[in-house]
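Any value given below was found using the heavy atoms of this structure, including those in side chains, with hydrogens, waters and symmetry copies removed. Computed from a predicted model, the values in this text were never measured in an experiment.
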Amino acid sequence: MAIPAHAFDTSARAAYVIDQTTGTVLLSKEADQPLPPASMSKLMTLYVAFEALRDGRLTLNETLPVSEHAMSYGGSTMFLNTQDRVTVEDLLRGIIVLSGNDACVVIAEALSPDGTEAGFARYMTQRAQQMGMNNSNFANSNGWPAAGHMMSVHDLAVLADRLISDFPEYYPLFAEEVFEFDGRAPSNARNRNPLLNLNIGADGLKTGHTQEAGYGLVGSAKQGDRRVIFVLTGLDTTRQRAEEAEAVVNWSFRNFVERTVADAETPIAQAKLWMGEKKTVGLVPNGDLNVLFPVLGTQNVEAEVVYDGPINAPVQKGQQLAELVIKPEGLPEIRRPLVAAEDVAVGGFVVRMLTVGGIVLKDVINNPLESM
């Protein structure tokens, strides 16, 4: 009997775990409920900053001023003051490693459409919606408790996935364990991610904590060719967060195995064509198709090919024609596109006449009186 994918019993108020390599959701608990994200929402500030670096609106070595507003934040900070001009690189490291509330505001005011943190928060909300994060709303740049500042754990997982995929050049910053900025805060020099030194492949992303939100972590770990992204929130203590996060990583890698069920060269089905030089065309995945199975399951896979047919010729190799719906035992269904394995041109005059003639003949057979 297969172990259900959702069998992991988490104490988190909300949780979401996805195998990034295959896109398989392994755990979902209150995944789309908007909740206070605390410092985990700093990931959105970082994403916008990385976009600005990519677009040339920021550079790593330029320095930015510190406003009174930025300096006024308490909690986790870089202890910046208005006499400082800080490089963008140091600010990014200060956000990631030190969880600097002040560093977030310096970045926010530099990139804000109106020069204010509130304007930057509105921009973050709009950008999040464009990215499909529909349960996120930002009131500030750093997750400081504020009315309406919310994110779902699903949205946080989407954001983590985008950070890893879109900015591989900056992602290694999330694995940095120590950042001693100017020697100002020796008590706040270490990354709070409890998994980084456990040798389980953990390499990011961001912790969070407020009284309202509890303790949370957006994390990721890679073992071999597989990467897992997970979000936990609403835990009671730092110890519970550390233990729960480690357990999630171990469960994700030990209880599921990846198998290749189809390759991009071998058709897995045939689609009927209308007026083509061939009657059918082979359907293949647009890349090798890997599926995750529970280790203790039977590894049975139920699948069906879905398309509207017959498909009008011509078709081109690589053109998406259908969808493969895969239902691994004990896991959510997976949908993957199927594309044409080859070019198929429109048939010649004889083929078209035979096709149309066949339809007329069929009508005569089925409705002899109406055709006379």
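- Using bins of under 30°, 30° to 60° and over 60° for the plane-to-plane angle, the ring pair F167/Y47 lands in the perpendicular bin.
- For the residue pair A303 and L324, the shortest heavy atom distance occurs at CB-CD1, 4.1 Å.
- Ring planes of H154 and Y16: parallel class, angle under 30° (limits at 30 and 60°).
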Inset, instruction - Apply salt bridge (Lys or Arg N to Asp or Glu O under 4.0 Å) to K222 and D203, showing your working. - result: CA-CA 8 Å; K222 185 176 182 182; D203 55 10; over 6 Å; no
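- For T22 (side chain) and L292 (main-chain N/O), no donor-acceptor pair under 3.5 Å exists by modelled atom type.
- Residues passing the side-chain contact (heavy atoms from CB on, under 4.5 Å) test with R13, sequence neighbours excluded: Q33, L35.
- Remark: side-chain polar atoms of E62 are paired, donor with acceptor, to backbone N or O of T59 under 3.5 angstrom.
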Inset, instruction - Might you work through the side chain to side chain contact (heavy atoms under 4.5 Å, CB included) test for F174 and V97, ending with a clear yes or no? - result: CA-CA 7 Å; F174 290 96; V97 183; over 6 Å; no
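- Within the structure, side-chain hydrogen bond (donor to acceptor under 3.5 Å, both in side chains) pairs that include any residue of residues 142-151 comprise S41-H149 (at least two apart or interchain).
- Ionic pairing of D236 and R241 is not present here: no N-O contact between side-chain nitrogen and carboxylate oxygen is shorter than 4.0 angstrom.
- Not a single donor-acceptor pair under 3.5 Å links the side chain of R227 to the backbone N or O of Q20.
- A perpendicular orientation is assigned to the rings of Y73 and H69, their planes being inclined by more than 60° (bins at 30° and 60°).
- When atom types are taken as modelled, the side chain of E177 and the backbone of R190 share no donor-acceptor pair closer than 3.5 angstrom.
- A donor-acceptor contact shorter than 3.5 Å links the side chain of S220 to the backbone of V228.
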Would you be so kind as to tabulate the donor-acceptor pairs closer than 3.5 Å made by side chains of residues 337-347, with sequence neighbours excluded?
| residue | atom | partner | partner atom | Å |
| --- | --- | --- | --- | --- |
| E342 | OE1 | K278 | NZ | 3.1 |
| E342 | OE2 | K278 | NZ | 3.3 |
| D343 | OD1 | K317 | N | 2.6 |

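- Classification of E51 and R127 as a salt-bridged pair holds, one side-chain N sitting under 4.0 Å from a carboxylate O.
- Residue I311 forms a side chain to side chain contact (heavy atoms under 4.5 Å, CB included) with just one option from V281, L273, T280, and that option is L273.
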